[in-house]
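Notes for the one structure printed next.
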Amino acid sequence: MNKQYISLGAVLLGAAPVLAQTRTALPLGADGGPSRPNVIVILADDLGYGDLGCYGARQVTTPNVSRLAASGVRFTNCHAVAATSTPSRYSLLTGEYAWRRPDTDIAAGNAAAIIRPEQFTMADMFHSAGYATAAIGKWHLGLGDKAGEQDWNAPLPVSLGDLGFDYHYIMAATADRVPCVFIEQAQVADYDPSAPIEVSYRGNFPGEPTGADHPEMLYNLRPSHGHDMSIVNGISRIGYMKGGGKALWKDENIADSIASHAIQFIRRHKDEPFFMYFCTNDVHVPRFPHERFRGKNPMGYRGDAIDQFDWTVGQLLGELQRLGIADNTLIILTSDNGPVVDDGYADRAEELLGDHKPAGPWRGGKYSAFEGGTAVPLIVSWPAQVKAAQESAALVSHIDLFASLGTLVGARLPRGAAADSRDALSTLLGRDRADRPYVVEQANDHTLSIRTRDWKYITPSNSGPMITWGPKIETGYLPEPQLFDMRKVTERENEAARHPDVVATLQSALEDIRAGKAK
Ligand code: NG6
Ligand code: CA
């Protein structure tokens, strides 16, 4: 970006005055040295901006998340990088926009490792700073060397140990995709030698029932669209698998398994700094929470899953408290993308929604170019260093977590690492309200949008205004350029024709970012 361009952009777009990248002074610990807090990223799945009590939801209470918010900063203008999981997570963990890389769309359960071992990840960064590192819960970024060729009965040749994580206990993809087993330290957890595992996304294994052929076997959940292949735990999935035996998960126990493995990791590392990338299965489909929650929320299983998510957060907070390490633990709670109501299972989520607004005030939802695709909750808490009970309207993006946390721990990044990530530490810690000058958002069909605090430009797309394959979601795709005044929030009135100068500025900013000339 040249200087002239910055000033034009600042005037036109109302960008924050802090445009150049600044390094934040490191918060100091009591002894005057760097404070090296524990860092936990809690990444919910498909949890919308409007799905939490502290963001205005009334049919859920989510008291643990509210307590976390009350202890730190609640952000009202945070964006995931993409409107679906794989590209969103890829970007968060690498500090590189997923749209720069092929093969970063929603991954199959037998995708090969999408982040390659030679890439420098957020976990590598913490590791290099002397942290113990873990990934727990949903992964969805591929495993092994070659797609479709993994031997699930042996250690995987490429796993999270190669990406900077000392410990991992993960779901390979999503709960609606096979294989339906946890992977711990590159091997199937609780492996059952009497039931060797085979996985295919091409065809079924002879004699194995599918949801399409045997709907009578779907005793827990039936699909509403898609999701009619292999049956595990009375729920049909995407993809085919055979075997697994006692290693197969029970959906109702996933939240408990993830929480207990996280707690064990925290206990093992209570006396040294640790980084935990903690990704819940909630509130992704299939939603089949534990019976402690199932049937309790008026919104049905989707509401129960939100309550279960809150319970999970409470488990972590409680353990940190018991161990006396809560004060010096930085927690970042957010979601991988916006919300979806019916995402493929007949869980009555649409019918029972009532006046709940999963995306809050935003238009669209998961998959969309509209704000509902990427506008997500963000809470940052660190009792020792972050002032409680703050609200921040600063425009922030997940893409900046990498560089910001790098500043926090005083890490030195190799050349080219996290190339799209900017240091926004002081904003994230609630010490200023500086907007990111631009946030880039990726929709499901790869439509890119760019927004500033006041404006949003959506690039043209021919993919159609509504999702046609299941979820009832407005995509925000139109064949012509769209410009919205974000002070009006709702993305209703296309003002591109009225403000060609703003369109041109945003288009050229996006071009600079695409070309790697700006970030
Ligand atoms: C879609 C699935 C949806 C969900 C999504 C990924 C169908 C019809 N729909 O393809 O259910 O799994 O992929 O969600 O298969 S994400 O949050 O992990 O990106
Ligand atoms: Ca998701």
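Keep in mind the model is a prediction, meaning the values are calculated, not measured.
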Where [X] and [Y] come nearest, the two heavy atoms and their spacing:
X: Ile258; Y: Gly137; value: CD1-CA, 3.7 Å
X: Gly109; Y: Ala173; value: CA-CB, 3.7 Å
X: Thr133; Y: Gly164; value: OG1-O, 2.7 Å
X: Ile40; Y: Phe278; value: CG2-CB, 4.4 Å

Gap between atom [atom2] of [Y] and atom [atom1] of [X] - 0.5 Å precision:
X: Leu141; Y: Ile114; atom1: CG; atom2: CD1; answer: 5.5 Å
X: Ser257; Y: Glu252; atom1: OG; atom2: CD; answer: 10.0 Å
X: Tyr97; Y: Ser91; atom1: OH; atom2: OG; answer: 8.5 Å

Output yes when [X] and [Y] qualify as a salt bridge under the 4.0 Å nitrogen-oxygen rule, no when they do not.
X: Arg116; Y: Asp145; result: yes
X: Asp347; Y: Arg287; result: yes
X: Glu371; Y: Arg363; result: no
X: Asp485; Y: Lys456; result: no
X: Asp46; Y: Lys366; result: yes
X: Asp435; Y: Arg451; result: no

Verify the ring-centre separation between [Y] and [X]: is it less than 6.0 angstrom?
X: Tyr131; Y: Phe274; value: no
X: Trp362; Y: Phe370; value: no
X: Trp455; Y: Phe484; value: no

side-chain contact (heavy atoms from CB on, under 4.5 Å) assessment of Ile235 paired with Tyr345
CA-CA 9 Å; Ile235 299 174; Tyr345 289 93; 3.6 Å; yes
Check the surroundings of atom CG in Asp151: do more than 12 heavy atoms from other residues, nucleotides or ligands lie under 6.0 Å from it?
yes
In a check of side chain to side chain contact (heavy atoms under 4.5 Å, CB included) between Phe275 and each of Val39, Asp166, Val409, Leu330, which one passes?
Val39
Donor on one side chain, acceptor on other, Tyr477 and Asn444, under 3.5 Å
no
Carefully, step by step, assess Arg100 and Asp420 under the rule salt bridge (Lys or Arg N to Asp or Glu O under 4.0 Å).
CA-CA 10 Å; Arg100 294 198 192 282; Asp420 292 311; 2.9 Å; yes
Relative to each other, are the rings of Tyr277 and Trp139 parallel, tilted or perpendicular (30° and 60° limits)?
perpendicular
